[in-house]
Amino acid sequence: MPDYFQILIAIVAVLFSVYLYVSYTAITQFWRKLNVPGPKPNVVFGNLKGFITQKKSVSDIIKELYEAYKHEPVFGIFQARTPILVINDLDLAKDVLIKDFSLFVNRGIPYFEKVEPLGQHLFLLEAERWRPLRVNLSPVFTSGKLKEMFPLIVDCSKHLEKYLDTVASKGEPIECRELAAKFTTDVIGNCAFGIDMNALEDDDSEFRKMGRKIFVPSFKTTMRNLLRQTSPSLYKIIGHKLQPEGVDNFFTKVVVDTIKYRKSNNVSRPDFINMLMELKEHPEKLHNVDLTDSLLTSQAFVFFVAGFETSSTTISHALYELALNHEIQDKLRAEIKESDEKHGETLTYDRVKQMKYLDKVFKETLRKYPVLPMLTRQALEDYTFRGTKVTIPKGTQVWIPVIGIQSDPNIYPNPETFDPERFEEEAVAARHQMTFLPFGDGPRNCIGARFAVFQTKVGIITVLRNYKVDVCEKTTVPYKADPRAFLLTLQGGVNLKIVKV
């Protein structure tokens, strides 16, 4: 009996080896047949092995690949067995994002409705549902609406000021990404849900707990990402067991209960939930899109997730660089103080918009630390890139390597140096439009970009107005990206000293 078992194992091993060989041969031939250069892929993980095995951040991998192939207009890689065309040429990137957008409207990131019920949001949705939702949700992010919401952001900044007093009095280092996440969680709570989340004062705030569940790396999130990329068919079967516990039910209940309360009490606020309520009452605006509770909640969910996480990461990266560059920090604080002396300490939308040096610091932070390392799109039909002999088949995924472009010394000399003066008007005008893409570009750029800009700037102002940030023994220098996180984050956190000025 043992002999038969050993024979069976040997047969399975041989068949699996043959399968790997055949599939590997097929993927290695894919780009070769299209005359597209690229690195040799791993038989199981493609060209992202380091990220999937958590040895290297996806940002570092993309930077390395870009550096190796940046003299090519395009090059081909594999995410597991999925072919991806990476576009280096800036004019071709503009074609994909703007000129030929209608052929690349989808992001090409798969989502699994039954496994991830809150994955049906603007970031991932296919064109048919994305278009009407984008059109009807965009008005909540206009400058007029943002001016209406701005006092809510300022109220949250006052809570941050009080919290900073407590932090500074202790004289101990603080993890600034968590500090910023508490602030942005409070802002999103007020501006999207009309709820005081109290994340700054309460470590057990339910919304902050949910934020940690979504983004803090764990074995479960590692397995989820691994299966999602390497075995989608298996993920569809067991993926529900790998989701952050309680997150879907929590957000669905919050949105449904908030809408119910507002309707019964005739409450109206200039926020995201109010816009969702209007859509629910006028489904004809969505042109036959079935606005289920799950689809509705998904939009609020992505606003919360993207709104607090991306801005908090950017605030902490700005503070990190300002702690390392005191002359820049002093110059920015001087601008803030000058504005205070001229207009008083109460911030307004127009005051923040007028702070030119703050805007340069903000943009340089996003230049050096783009939250998303690449932009993703998918070809809706066979497509030939202008001026090349490269034609990709329908369904091919396309990446634009944001972090590679924004770290290219031929575009930004000495890219590792934090230099806000790169964003002087003349310098910006001299560069190609596609050299700065932290919010994407074209019709499918970040819908909440304007909101993120002002939320982040208010957070930076609040910290620097009365406090100095400095490095300490816990600060990670030089910067090392966390290999476990998809978004660009500092390994070990942004630990800084905050001292009253």
Side-chain angles (χ1 to χ4, degrees), residues 122 133-161 180 183-197 199-200 258 262 266-279 285 299-300 302-312 314-315 318 332 335-363 365-366 423 425 438-440 443 445-465:
L122 278 177
L133 275 169
R134 172 84 185 212
V135 167
N136 284 282
L137 291 177
S138 290
V140 81
F141 295 106
T142 61
S143 56
K145 283 288 186 182
L146 185 52
K147 284 182 180 180
E148 289 182 49
M149 286 191 279
F150 197 80
L152 301 176
I153 301 176
V154 172
D155 285 344
C156 293
S157 73
K158 292 175 182 175
H159 294 305
L160 177 58
E161 281 180 7
F183 165 65
T184 55
T185 297
D186 280 351
V187 171
I188 297 298
N190 268 285
C191 296
F193 298 92
I195 297 172
D196 184 2
M197 296 189 180
L200 278 163
T258 301
R262 290 191 185 186
N266 199 27
V267 175
S268 180
R269 287 169 54 94
D271 62 16
F272 198 71
I273 290 289
N274 207 66
M275 184 64 73
L276 293 179
M277 289 172 66
E278 288 182 20
L279 281 182
K285 291 183 177 181
Q299 311 321 310
V302 76
F303 185 31
F304 169 75
V305 170
F308 96 79
E309 179 64 19
T310 57
S311 293
S312 63
T314 303
I315 291 171
L332 178 53
E335 180 182 64
I336 295 167
K337 291 291 187 184
E338 183 182 345
S339 180
D340 285 347
E341 289 168 5
K342 190 174 181 180
H343 303 286
E345 290 203 356
T346 301
L347 290 174
T348 65
Y349 176 91
D350 291 326
R351 270 191 65 196
V352 174
K353 193 173 182 180
Q354 290 165 8
M355 294 187 189
K356 301 298 183 184
Y357 195 65
L358 172 62
D359 189 59
K360 293 175 189 175
V361 169
F362 171 76
K363 287 176 178 174
T365 301
L366 285 176
F423 290 91
E425 287 185 13
F439 296 111
N445 66 347
C446 175
I447 189 174
R450 190 182 281 111
F451 182 90
V453 168
F454 281 88
Q455 175 182 224
T456 302
K457 288 181 177 179
V458 169
I460 294 170
I461 290 169
T462 305
V463 175
L464 287 192
R465 174 184 268 156

Chemist: Tell me, please, which residues at least two apart from E338 pass side chain to side chain contact (heavy atoms under 4.5 Å, CB included).
Modeler: none

Chemist: Check side chain to side chain contact (heavy atoms under 4.5 Å, CB included) between V154 and all other residues, then give those that pass, not counting sequence neighbours.
Modeler: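 In terms of side chain to side chain contact (heavy atoms under 4.5 Å, CB included), with neighbours along the sequence ignored, V154 is linked to F150, S157, K158, L347.
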
Chemist: Among residues at least two apart in sequence or on other chains, which ones pass side chain to side chain donor-acceptor pair (under 3.5 Å) with K145?
Modeler: none

Chemist: F362: what forms a ring-ring contact (aromatic ring centres under 6.0 Å, His included) with it, not counting sequence neighbours?
Modeler: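 Applying ring-ring contact (aromatic ring centres under 6.0 Å, His included) to F362 gives none.
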
Chemist: Going by ring-ring contact (aromatic ring centres under 6.0 Å, His included), name the residues that satisfy it together with F183, two or more places apart in sequence or in a different chain.
Modeler: none

Chemist: Sequence neighbours excluded, which residues qualify as side chain to side chain contact (heavy atoms under 4.5 Å, CB included) partners of N274?
Modeler: R262, S268, D271, M277, E278

Chemist: Heavy-atom count around K356 NZ within 6.0 Å, excluding the residue itself: above 12?
Modeler: no

Chemist: Among residues at least two apart in sequence or on other chains, which ones pass ring-ring contact (aromatic ring centres under 6.0 Å, His included) with F454?
Modeler: Y349

Chemist: Under the ring-ring contact (aromatic ring centres under 6.0 Å, His included) rule, collect the residues that match up with F439, sequence neighbours excluded.
Modeler: none

Chemist: F303 versus L122: any side-chain heavy-atom pair under 4.5 Å?
Modeler: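 Of all side-chain heavy-atom pairs linking L122 with F303, none is under 4.5 Å.
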
Chemist: Under the side chain to side chain donor-acceptor pair (under 3.5 Å) rule, collect the residues that match up with D359, sequence neighbours excluded.
Modeler: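 Checked D359 against side chain to side chain donor-acceptor pair (under 3.5 Å); matches are K363, K457.
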
Chemist: Tell me every residue that passes side chain to side chain donor-acceptor pair (under 3.5 Å) with S311, counting only those two or more places apart in sequence or in another chain.
Modeler: Q455, T456

Chemist: Just to verify, what does E335 make a salt bridge (Lys or Arg N to Asp or Glu O under 4.0 Å) with, not counting sequence neighbours?
Modeler: none

Chemist: Taking the side chain as every heavy atom from C-beta outward, state whether F141 and F272 have any atom pair closer than 4.5 Å.
Modeler: yes

Chemist: So, using side chain to side chain donor-acceptor pair (under 3.5 Å) as the criterion, who are the partners of R351 when residues are at least two apart?
Modeler: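 With neighbours one apart ignored, the set is S339, D340.
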
